[in-house]
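Quick note: residue numbers are just sequence positions, from 1.
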Amino acid sequence: MPLSLAQMRRNYTLYGLQDEHALDDPLAMFKQWMQLARDTERAPVEANSMTLATVDSEGRPHCRVLLLKGFSEQGFTFFGNYQSGKGQQLAANPYAAMTFFWPALERQVRIEGRVSRLDPTLSDAYFESRSMASRLGAWASPQSAPLASRAALESMLAETIKRFVGHTVSRPEHWGGYCLLPDRMEFWQGRTDRLHDRMDYRLHEGVWKRNRLAP
């Protein structure tokens, strides 16, 4: 039996996003939405999960799901291997886009901006907060490189465990944090009959300007 997707749809009815409820500061609004998502979403959905899109040196887009690890006026932070696919893409083109989707709230947030590496001391602090297994995994995995088999990866991990017996598992230089400094943020609220609410914020000369967009 063929898999039919054309008629899969759902009508969004939970909320609306009126102009008077849209804050002037998109970071403050993101904080409100993230807090509600944390209180509403249930496992296995993680409220801080996001799709990160990057572009390589040939202009080809790539995306994957990551976890946001913090946000402030300095930007939105995430971590990974600097030698991975995304690390190489960000080195070639230091711009990225994030998308958060919270189905229980019928909400989505898009964030775009320039990405830079975090200060090494901040990467060190986060790395030390991770479990021992995660720290060893960061050393063992040549992220994005081809593997002969799952057994090959497990062998790398076993060798890494042996190497660090009796030693501190500090952060490898090829692993660390990134910070996306936003210049555009869009808040999307699902509405009935696909007439969704969209509030678009653009940073212009240090000031956020807000516009409502057609769905």
For Tyr201, give me all partners under ring pair (Phe, Tyr, Trp, His ring centres under 6.0 Å), at least two apart in sequence or on another chain. Phe187
How close do Met185 and Pro182 get, heavy atom to heavy atom, and via which atoms? CG-CB, 4.1 Å
Linked, directly or transitively: Phe101 and Val109 (ILVMFWY side chains, under 4.5 Å): no
Please say yes or no: joined through hydrophobic side-chain contacts below 4.5 Å, possibly via intermediate residues, are Leu203 and Leu180 part of one cluster? yes
Does any non-hydrogen side-chain atom of Thr54 lie less than 4.5 Å from one of Arg64? yes
Any ion pair linking Arg202 and Asp200 (charged N to carboxylate O, less than 4.0 Å)? yes
Tell me, please, which residues at least two apart from Trp139 pass ring pair (Phe, Tyr, Trp, His ring centres under 6.0 Å). Phe164
Should Met50 and Ile111 be marked as a side-chain contact (heavy atoms from CB on, under 4.5 Å) after you check the CA-CA gap, both sets of side-chain angles, and the distance that decides it? CA-CA 10 Å; Met50 63 178 182; Ile111 303 171; over 6 Å; no
For Cys179 and Gly75, work out which heavy atoms get closest and say how close. SG-CA, 3.6 Å
Crowded around Arg10 CZ? As in, over 12 foreign heavy atoms under 6.0 Å? yes
For the residue pair Met132 and Val169, what are the closest heavy atoms and their distance? SD-CG2, 3.5 Å
Closest heavy-atom pair, Thr51 versus Cys63, reported as atoms and distance to 0.1 Å, is CG2-CB, 3.8 Å
Tell me if the CZ atom of Arg212 is crowded by more than 12 foreign heavy atoms within 6.0 Å. yes
Going from CE on Met98 to CG on Leu66, what distance comes out if it is rounded to the nearest 0.5 angstrom? 8.0 Å
Where is the tightest heavy-atom contact between Ser144 and Gly85, given as atom of each residue plus distance? OG-N, 3.0 Å
Counting distance only, does the side-chain N/O of Ser155 pair as donor-acceptor with the main-chain N or O of Ala151 below 3.5 Å? no
Non-hydrogen side-chain atoms of Phe127 and Pro172 separated by less than 4.5 Å: yes
Indicate the ring-plane relationship of Phe76 and Phe71, choosing parallel, tilted or perpendicular according to the 30° and 60° boundaries. parallel
Check whether any side-chain N or O of Thr77 sits under 3.5 Å from a backbone N or O of Gly70 as a donor-acceptor pair, and report yes or no. yes
How many angstroms lie between OG1 in Thr40 and CG in Leu14, if you round to the nearest 0.5 Å? 9.5 Å
N/O donor-acceptor pair under 3.5 Å between Arg171 side chain and Glu128 backbone: no
In sequence, state the C-alpha distance, the side-chain angles, and the governing distance for Lys31 and Leu27, and then conclude on side-chain contact (heavy atoms from CB on, under 4.5 Å). CA-CA 6 Å; Lys31 182 178 180 180; Leu27 293 174; over 6 Å; no
Chi angles and distances behind the side-chain contact (heavy atoms from CB on, under 4.5 Å) call for Leu157, Leu136: CA-CA 7 Å; Leu157 178 59; Leu136 289 168; 4.2 Å; yes
Steps toward side-chain contact (heavy atoms from CB on, under 4.5 Å) verdict (Arg110, Arg184): CA-CA 8 Å; Arg110 296 170 54 200; Arg184 181 185 181 187; 4.0 Å; yes
Testing Gln18, His21, Gln189, Arg191 for side-chain hydrogen bond (donor to acceptor under 3.5 Å, both in side chains) with Asp197, which one passes? Arg191
N/O donor-acceptor pair under 3.5 Å between Trp208 side chain and Asp24 backbone: no
Look only at the side chain of Gln108 and the backbone of Phe100, and say whether a donor-acceptor pair between them is shorter than 3.5 Å. no
State plainly whether one hydrophobic cluster holds both Tyr12 and Trp33, where clusters connect Ile, Leu, Val, Met, Phe, Trp and Tyr through side-chain heavy atoms under 4.5 angstrom apart. no
Is there a donor-acceptor pair under 3.5 Å between the side chain of Arg210 and the backbone N or O of Ala22? yes
Taking all non-hydrogen atoms of both residues into account, name the closest pair between Asn81 and Ser141 and its distance. ND2-O, 3.8 Å
N/O donor-acceptor pair under 3.5 Å between Asp193 side chain and Leu195 backbone: no
Evaluate side chain to side chain donor-acceptor pair (under 3.5 Å) for Gln74 paired with Ser72, printing each intermediate quantity in order. CA-CA 5 Å; Gln74 283 69 50; Ser72 67; 3.1 Å; yes
I'd like to check the ring pair (Phe, Tyr, Trp, His ring centres under 6.0 Å) partners of Phe79; sequence neighbours left out, ordered by chain and number. Tyr126, Trp175
Linked, directly or transitively: Leu23 and Tyr15 (ILVMFWY side chains, under 4.5 Å): yes
After noting the C-alpha distance and the side-chain angles of Tyr95 and Arg114, does the key distance pass the side chain to side chain donor-acceptor pair (under 3.5 Å) rule? CA-CA 4 Å; Tyr95 291 89; Arg114 186 179 179 90; 3.1 Å; yes
Where do Asn11 and Thr13 land on the side chain to side chain donor-acceptor pair (under 3.5 Å) test, with the steps shown first? CA-CA 6 Å; Asn11 215 16; Thr13 60; over 6 Å; no
Atom CD in Gln89, atom CG in Asp56: separation rounded to 0.5 Å? 5.5 Å
Are Leu68 and Leu122 grouped together when hydrophobic residues (ILVMFWY) are joined by side-chain heavy atoms under 4.5 angstrom apart? no
Are the side chain of Ser123 and the backbone N or O of Gly177 linked by a donor-acceptor pair below 3.5 Å? yes
To the nearest 0.5 Å, how far apart are CE in Met199 and CG in Leu17? 4.5 Å
Might you confirm whether atom CZ of Arg194 has over 12 heavy atoms from other residues, nucleotides or ligands at distances under 6.0 Å? yes
How long is the straight-line distance from CD of Glu186 back to CG of Leu213, given to the nearest 0.5 Å? 5.5 Å
Side chains of Tyr82 and Glu173, heavy atoms from C-beta outward: is any pair under 4.5 Å? no
Roughly how far apart are Trp188 CH2 and Glu106 CD, rounded to 0.5 Å? 7.5 Å
